[in-house]
Amino acid sequence: NAGVTQTPKFQVLKTGQSMTLQCAQDMNHNSMYWYRQDPGMGLRLIYYSASEGTTDKGEVPNGYNVSRLNKREFSLRLESAAPSQTSVYFCASSEALAGVYNEQFFGPGTRLTVL
Amino acid sequence: GEDVEQSLFLSVREGDSSVINCTYTDSSSTYLYWYKQEPGAGLQLLTYIFSNMDMKQDQRLTVLLNKKDKHLSLRIADTQTGDSAIYFCAEKDGGATNKLIFGTGTLLAVQP
């Protein structure tokens, strides 16, 4: 099993450009998440998908859109990139079973720089 | 809203014990977690504790939970250079989702 995979690993954009970050998981998990990691701020949830066909905003959704393409794939789109979106982006997935701890499994991250 | 706080940095000598502290605000959290992030990598679950427990031990790791003070700690015994990483505390959102609220992370530097 590959676990959670993300592409690309690195990306440099100019302000105003658009791009889509791809994420896929092969663990048959129901829930998927997108986080951004910034120094001194920990991980902040951008969007999540509790199950296939649903998406919801997290803590910092502005400037992003998501698509839960199928159970495996959850993409994050930046329509018009801004320097404030320079960050490391992590995708994660988990089961969604009631009453258990439901570990989140993380991808290796995408390092995005917006000039 | 929910908030999880940690100190940003801890430096210890190899062989000493490390204690990383965390405070959280959501008293309805059912699970609390410690994740480890090595340089250039994603996060990996290190351990977790259910909210009705006070302590959990797993080899060199000891987790202590004080629900009254909403304080969580991670003790690493006999700290090794391979333990150098960022450690994140997280609480499970008290609602119906499986969302996690992460702390800012503590960078543990282990000096040889």
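Chain naming here is simple, since letters A, B, ... match the order of the sequence lines and numbering starts at 1 in each.
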Contacting moiety of A/L45, where chain B heavy atoms sit under 4.5 Å:
side chain

Which answer fits A/Y35, side chain, backbone, both or neither, if we ask what part of it has an atom under 4.5 Å from a heavy atom of chain B?
side chain

Check A/R44 with A/D38, please: is the shortest side-chain N to carboxylate O separation under 4.0 Å?
yes

A/R36 and A/S84: which non-hydrogen atoms are nearest, and at how many Å?
NH2-O, 2.8 Å

Would you call A/D56 and B/K99 a salt bridge, taking side-chain N to carboxylate O under 4.0 Å as the test?
no

On a heavy-atom basis, the closest approach of A/V4 and A/S93 is CG2-OG, 3.6 Å

Taking atom types as modelled, find out whether A/R77 and A/S67 have a side-chain donor-acceptor pair closer than 3.5 angstrom.
no

Identify which of A/Y48, A/Y33, A/F90 forms the greatest number of heavy-atom pairs closer than 4.5 Å to chain B.
A/Y48

I'd like to verify something: which residue of A/E95, A/R111, A/Q104 has the highest number of heavy-atom pairs under 4.5 Å with chain B?
A/Q104

Proximity breakdown for B/Q44 and chain A, heavy-atom pairs closer than 4.5 Å
neither

